[in-house]
Amino acid sequence: MAKFLTNREENYAQWYNDLVIKADLAENSAVRGCMVIKPYGYAIWENIQAGLDKMFKATGHVNAYFPLFIPKSFFSREASHVQGFAKECAVVTHYRLKMDENGKDIVVDKDAKLEEELIVRPTSETIIWNSYKNWIQSYRDLPILINQWANVVRWEMRTRLFLRTAEFLWQEGHTAHATREEAVEETKRMLNVYADFAENYMALPVIKGYKSENERFAGALDTYTIEALMQDGKALQGGTSHFLGQNFAKAFDVQFTDKTGKLDYVWATSWGVSTRMVGALIMAHSDNNGLILPPRLAPLQTVIVPIYKTTDQLEKISEKAGIIKADLEKAGISVKYDDRENYKPGYKFAEYELKGVPVRIALGPRDIENNTVEIARRDTLQKETIPDGGLASHVAGLLEDIQSNMFRKALKFRSDNTFYLDKWSEFLEIIDNQGGFIMAHWDGTAETEEKIKEETKATIRCIPFDSPEEDGKCIYSGRPSKRRVLFARSY
RNA sequence: CGGGGUGUGGCGCAGUUGGUAGCGCGCUACGUUCGGGACGUAGAGGCCGGAAGUUCGAGUCUUCUCACCCCGACCA
């Protein structure tokens, strides 16, 4: 089985790379650090988009689109923001090409230098707040609740398909509010949306919390995050929501008149998730046979594979498969009948396992005779032969069961790999030998955080919202601490 | 940007002391197969990453160059 995949236990990173390529999700492109998202991978992203978009709309947001290019001067308005992104910005300096003197090569036309360089957006706060300035005069113009689906560019040194690429797709919400409280509430609301989405669609349990100052978004007063645990014991940040205070309003001079006639700066939030979610989905659930996709995000939920010797048999099977397909589709389940003649059933079984299709139905002469089907679930690889009556509701139930089973399994993995530690020696031992989440006391200082990072490569993933107050001593410095924070090595 | 590695049919690789390229998979056609990655037969497909050099002769040796991958520093 799975002779085409690197074994997950032997080389997790290679297993991941193999899986992305072999399952036909994406590939590296001719442009360094940029990936081609192939149709099957893109279909997963489209499902992520559809699910999130619905949730954004349900919480009062609307979509809009802002430019890819940002004038350099905009970018530099907010000091900490520039600092955070300066090292990874692509810059457009010219707007024309020409033939060189030999007439052989295309070269940049030096005469076509831009007056002001344009930054390819690594995120859009600045260009958006420059627009908001013109949209907001009164408290009656607030709140503004806008989301945009876009690509952004961050010039990364080292890239990995979906997890870190120079260009990636994401959504970024940018909201403007009259009060601090309202903006904070929005920041939390959207983090909760992300957490709901991760748990209910991706079957991925997440820890919600605050980022430490070191890990905070450049320009934010507070960053909230959802953190998930991957099967190799490393953490992955699934989505972030930022309370931006009045930083961008001040940088772009966005003031409004409140109910009492007083001028004040607008309060802001921003929040985003990216195609990195696809990477999380893969790493959280899949196995040595290939992808395991949660039914709610799987591009294809069910596949029917015919098994036959004669064309006579095939005819009967196809007829029945057609009926089953129609039934399932009526129940809102996506189905493909794979009647390709050039592949044997065994090949198809392996292929759909590699691609993570949640449910497989096999239909052979025996089934026709007995009015049964063989039904197999991807998450547990269990097979059973059942009567073909009421198949649609059976499959619907099975898909739901797979969805919740995947979540339960991921949750169990996380609790099995979450450690409440109080001794530094144990911290070192766990982080080096098995990874996972470590809940430990921290003295709250950036110095200690930095030291721990240097010595272990583990960082504070977040200060969980729900971690209870308890008196303790910092696991590194021994100084007093009021609550545990979440440490892990991360992607 | 440091350290390591790899560039040879679509993919994965082999290629000896230099003698003019081969294997597996895939692909095409036909036939037999079909309840866990089938088999046979016959085909198609490569100026060996690029440039310069050494040589009668370079996939192989020398120099330069480009690209990609892996490991580090930076990041979602």
Side-chain angles (χ1 to χ4, degrees), chain A residues 1-6 11 13-14 16-18 21-22 24 27-34 83-89 122-123 152-172 194 211 214-218 220 223 225-228 235-242 270-280 289-290 305-311 313-314 317 338-354 360-370 372-376 381 383 385 453-454 457 459 461 490-491:
Chain A
M1 272 299 187
K3 55 187 169 184
F4 301 109
L5 275 184
T6 301
N11 187 341
Q14 192 59 45
Y16 174 83
N17 289 337
D18 278 8
I21 301 290
K22 299 276 167 57
D24 222 21
E27 61 187 28
N28 282 306
S29 72
V31 184
R32 188 215 306 267
C34 294
Q83 246 184 9
F85 287 105
K87 286 165 294 186
E88 50 191 36
C89 283
T123 179
V152 288
V153 168
R154 297 181 188 174
W155 213 260
E156 296 291 344
M157 303 291 183
R158 278 194 63 195
T159 61
R160 287 189 69 193
L161 293 170
F162 289 115
L163 298 175
R164 173 165 296 108
T165 47
E167 180 194 13
F168 57 94
L169 305 182
W170 78 346
Q171 61 61 221
E172 45 180 327
Y194 289 155
K211 282 294 186 187
N214 275 344
E215 303 276 330
R216 205 172 282 162
F217 176 73
T223 289
T225 178
I226 51 171
E227 298 286 327
L236 188 138
Q237 175 179 305
T240 48
S241 184
H242 314 292
S270 69
W271 27 273
V273 306
S274 71
T275 35
R276 196 177 215 209
M277 285 296 225
V278 178
N289 290 334
V305 177
I307 297 158
Y308 59 93
K309 289 193 171 76
T310 66
T311 52
Q313 288 172 338
L314 177 61
I317 290 166
D338 184 358
D339 60 352
R340 287 176 301 172
E341 289 171 16
N342 49 336
Y343 295 103
K344 287 181 62 184
Y347 179 92
K348 292 176 184 175
F349 293 173
E351 184 180 8
Y352 291 111
E353 274 164 19
L354 178 62
R360 182 186 72 230
I361 296 170
L363 211 49
R366 276 206 310 262
D367 298 305
I368 298 295
E369 205 174 305
N370 304 329
T372 57
V373 299
E374 183 196 80
I375 192 159
L381 294 171
K383 287 195 284 200
T385 299
K453 185 177 174 183
E454 273 170 34
K457 290 181 191 146
T459 50
R461 299 321 304 155
S490 74
Y491 278 99

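So that the names make sense, note that chain A is the first sequence line, chain B the second, and so on, each numbered from 1.
Atom CZ of A:Arg160 and atom C1' of B:C70 are 11 Å apart (whole Å). Atom CG of A:Asp18 and atom P of B:C70 are 11 Å apart (whole Å). Rounded to an integer number of Å, the gap from CD of A:Glu341 to C1' of B:G31 is 14 Å. Remark: C1' of B:G36 and CD1 of A:Ile375 are 17 Å apart, rounded to the nearest angstrom.
When heavy atoms are screened at a 4.0 angstrom cut-off, A:Leu236 is found touching no nucleic acid atom at all. Residue-level contact check: A:Tyr491 touches neither bases nor backbone, having no heavy atom under 4.0 Å from any strand. As judged by a 4.0 angstrom heavy-atom cut-off over every strand, A:Arg340 is placed among residues making no nucleic acid contact. Within 4.0 Å (heavy atoms only), A:Glu156 reaches at least one base atom of the nucleic acid. Using a 4.0 Å heavy-atom distance criterion, A:Asn17 is classed as a sugar-phosphate-only contact. No engagement by A:Lys22 is indicated, since no non-hydrogen atom pair under 4.0 Å with the nucleic acid exists. No contact: A:Thr459 has no heavy atom under 4.0 Å from any strand. Base engagement by A:Arg366 is indicated by at least one non-hydrogen atom pair under 4.0 Å involving a base atom. Within the 4.0 angstrom heavy-atom criterion, no nucleotide atom of any strand lies near A:Gln14. When heavy atoms are screened at a 4.0 angstrom cut-off, A:Pro306 is found touching no nucleic acid atom at all. Residue A:Asp367 is in base contact, counting any heavy-atom pair closer than 4.0 Å across all strands shown.
Taking atom C1' on both B:C61 and B:C48, the two are 16 Å apart, rounded to the nearest angstrom. Between the C1' atoms of B:U20 and B:U8, the separation comes to 14 Å (whole Å). As rounded to the nearest Å, B:U62 and B:A42 have C1' atoms that lie 45 Å from one another. Comparing the P positions of B:U17 and B:U55 gives an interatomic distance of 22 Å, to the nearest angstrom.
For A:Lys344, the listed nucleotide lying nearest its side chain is B:A38; candidates were B:G37, B:A76, B:A38. For A:Glu351, counting side-chain heavy atoms from C-beta on, the closest listed nucleotide (B:G35, B:G37, B:A76) is B:G37. For A:Arg164, counting side-chain heavy atoms from C-beta on, the closest listed nucleotide (B:C75, B:G37, B:G35) is B:C75.
Applying the salt bridge (charged side-chain N to carboxylate O under 4.0 Å, His left out) criterion to A:Asp24, with sequence neighbours excluded, gives A:Lys38.
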task = Could you give me the CA-CA distance, side-chain angles and deciding distance for A:Arg461 and A:Glu215, then say whether salt bridge (charged side-chain N to carboxylate O under 4.0 Å, His left out) is met?
result = CA-CA 8 Å; A:Arg461 299 321 304 155; A:Glu215 303 276 330; 3.7 Å; yes

request  = Kindly express the pairing pattern of RNA chain B in dot-bracket notation, using | wherever a base pairs with another strand and counting only Watson-Crick or G-U pairs under 3.5 Å.
outcome  = (((((((..((((.....[..)))).((((((.....)))))).....(((((..]....))))))))))))....

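Closest of all the heavy-atom pairs between A:Thr123 and A:Trp170 is OG1-CH2, 3.6 Å.
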Protein-nucleic acid N or O pairs under 3.5 Å, nucleotides 40-43 of chain B:
none

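Panel note: side chain A:Arg154, backbone A:Pro122; a donor-acceptor pair is recorded below 3.5 Å.
Judged by distance alone with a 3.5 Å cut-off, a donor-acceptor contact links the side chain of A:Glu353 to the base of B:G36.
Using a 4.5 Å heavy-atom cutoff, the side chains of A:Tyr308 and A:Glu341 are in contact.
An OP1 or OP2 oxygen of B:C68 is reached within less than 4.0 angstrom by no side-chain nitrogen or oxygen of A:Asn28.
Using a 30° and 60° split on the angle between ring planes, A:Tyr194 and A:Trp271 fall in the perpendicular class, above 60°.
Summary of the strand contacts: A:Arg216 and A:Thr159 both lie near RNA chain B, and taking for each the nucleotide with the nearest heavy atom, the more 5' one is attributed to A:Thr159.
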